[in-house]
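Taking it in order: structure first as structure tokens, then the write-up.
Just so it is clear, the structure is predicted and the values come from calculations on it, not from any experiment. Every heavy atom of this structure was used, including side-chain atoms; hydrogens, water molecules and symmetry mates were not. Residue numbers start at 1 and run along the sequence shown.
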Amino acid sequence: MANYYNIDDILAEEEFVPVVFHKAANGVIIDPSSETNSVEQGAKVELPLWLAQDLYLRQAISISVPACFNQRTRLEIQADAACVDLKSRSPYFYEFGCKIAPLVGDKTIEILLLSAFKIRYKEILTKAYTAAYTTTSKFLTLLTKEESNLYEAAQVSMSAFKKWRMGGPRLQRASVLGRKRRSFE
């Protein structure tokens, strides 16, 4: 179930997943160009994750592993996760993976997500703290939404640290200290 007020969660559930229908369904229009408004048993179609979750719970469909988690992607991540363009596979790669893993029943998706995030996390922070904007523009196009947020937070943190380090008031005098005491007679 999506977080109702989180737009990123809603958009992550809009990703399409391949499904196979176990039961025939009448009154369903999956493809507007089709002549019938029904889906036959055994039909293979792609549905948004939010719809596939509901149909899966009703045991009407089985969900296959989406293309963004295929063997080719796994091999690329194992080779060098920092250079893989995860954004083109899915802008919400990690959120989508966390939602799809229990439905597919593939435990290797969780391991893939964890290893990819660990490797890319180090690279993101390194680039955010050391690289100039011109050298990171290509790197930013490879990042997912979650990674972009992390990169921006790291840059804000670094600029705040540099501002603090370069100067500015180290200690501020409390306003209470400037007042004189009243004498009680």
Side-chain angles (χ1 to χ4, degrees), residues 1-17 46 48-53 63 65-179:
M1 177 58 100
N3 182 353
Y4 188 77
Y5 296 107
N6 187 347
I7 191 68
D8 291 328
D9 202 29
I10 293 168
L11 291 174
E13 289 193 354
E14 284 294 320
E15 295 285 331
F16 283 89
V17 294
E46 287 196 348
L49 180 60
W50 61 267
L51 179 58
Q53 283 176 326
I63 301 175
V65 177
C68 61
F69 299 107
N70 63 12
Q71 192 63 30
R72 180 176 177 218
T73 302
R74 293 171 195 231
L75 291 174
E76 287 178 5
I77 288 174
Q78 288 174 355
D80 189 8
C83 297
V84 179
D85 186 6
L86 294 181
K87 186 177 185 177
S88 68
R89 287 165 171 82
S90 173
Y92 298 94
F93 185 79
Y94 298 107
E95 297 91 336
F96 182 52
C98 289
K99 290 175 184 293
I100 199 73
L103 300 175
V104 174
D106 188 359
K107 299 290 184 191
T108 59
I109 291 177
E110 297 164 353
I111 297 167
L112 173 78
L113 293 173
L114 182 62
S115 66
F117 190 75
K118 280 182 181 178
I119 295 167
R120 291 171 70 93
Y121 179 78
K122 292 176 190 174
E123 189 72 21
I124 290 166
L125 293 184
T126 302
K127 296 266 191 204
Y129 290 147
T130 60
Y133 179 74
T134 56
T135 60
T136 60
S137 61
K138 183 181 180 211
F139 176 71
L140 291 176
T141 61
L142 305 176
L143 301 181
T144 66
K145 183 69 173 166
E146 182 74 25
E147 292 169 339
S148 296
N149 292 342
L150 180 65
Y151 180 83
E152 290 170 10
Q155 279 199 321
V156 168
S157 171
M158 190 60 182
S159 65
F161 173 73
K162 285 180 180 178
K163 182 179 176 185
W164 171 81
R165 190 170 180 206
M166 296 308 277
R170 299 270 183 201
L171 299 173
Q172 294 179 351
R173 185 177 180 150
S175 60
V176 175
L177 296 177
R179 298 184 198 155

Mind checking the [atom1]-[atom2] spacing from [X] to [Y]? Nearest 0.5 Å is all I need.
X: Tyr151; Y: Leu140; atom1: OH; atom2: CG; result: 5.0 Å
X: Phe96; Y: Leu86; atom1: CZ; atom2: CG; result: 13.0 Å
X: Leu114; Y: Ile109; atom1: CG; atom2: CD1; result: 13.5 Å
X: Met158; Y: Leu125; atom1: CE; atom2: CG; result: 11.0 Å
X: Phe93; Y: Asp85; atom1: CZ; atom2: CG; result: 11.0 Å

(message) Looking only at side-chain N and O atoms, does Arg120 offer a donor or acceptor that is under 3.5 Å from a partner on Thr144?
(response) no
(request) With sequence neighbours excluded, tell me which residues meet side-chain contact (heavy atoms from CB on, under 4.5 Å) with Glu76. (result) Arg72, Val84, Arg89
(message) So, using side-chain contact (heavy atoms from CB on, under 4.5 Å) as the criterion, who are the partners of Leu150 when residues are at least two apart?
(response) Phe117, Tyr121, Ile124
How about [X] and [Y]: do any of their side-chain heavy atoms sit closer than 4.5 Å?
X: Glu147; Y: Leu142; answer: no
X: Glu146; Y: Tyr92; answer: no
X: Leu113; Y: Phe69; answer: yes
X: Pro66; Y: Ile100; answer: yes

Nearest non-hydrogen partners of [X] and [Y], listed with the distance:
X: Ile77; Y: Ala116; answer: CG2-CB, 3.8 Å
X: Ala82; Y: Ile119; answer: N-CG2, 4.2 Å
X: Leu49; Y: Ala12; answer: CD2-O, 4.3 Å

(message) I'd like to know if Glu123 and Lys127 make a salt bridge, using a cut-off of under 4.0 Å between side-chain N and carboxylate O.
(response) yes
(request) Before giving the answer on side-chain contact (heavy atoms from CB on, under 4.5 Å), spell out for Glu95 and Leu11 the whole-Å C-alpha distance, their side-chain angles and the decisive distance to 0.1 Å. (result) CA-CA 10 Å; Glu95 297 91 336; Leu11 291 174; over 6 Å; no
(request) Show your working on side-chain contact (heavy atoms from CB on, under 4.5 Å) between Gln53 and Glu13 and close with a plain yes or no. (result) CA-CA 9 Å; Gln53 283 176 326; Glu13 289 193 354; 3.7 Å; yes
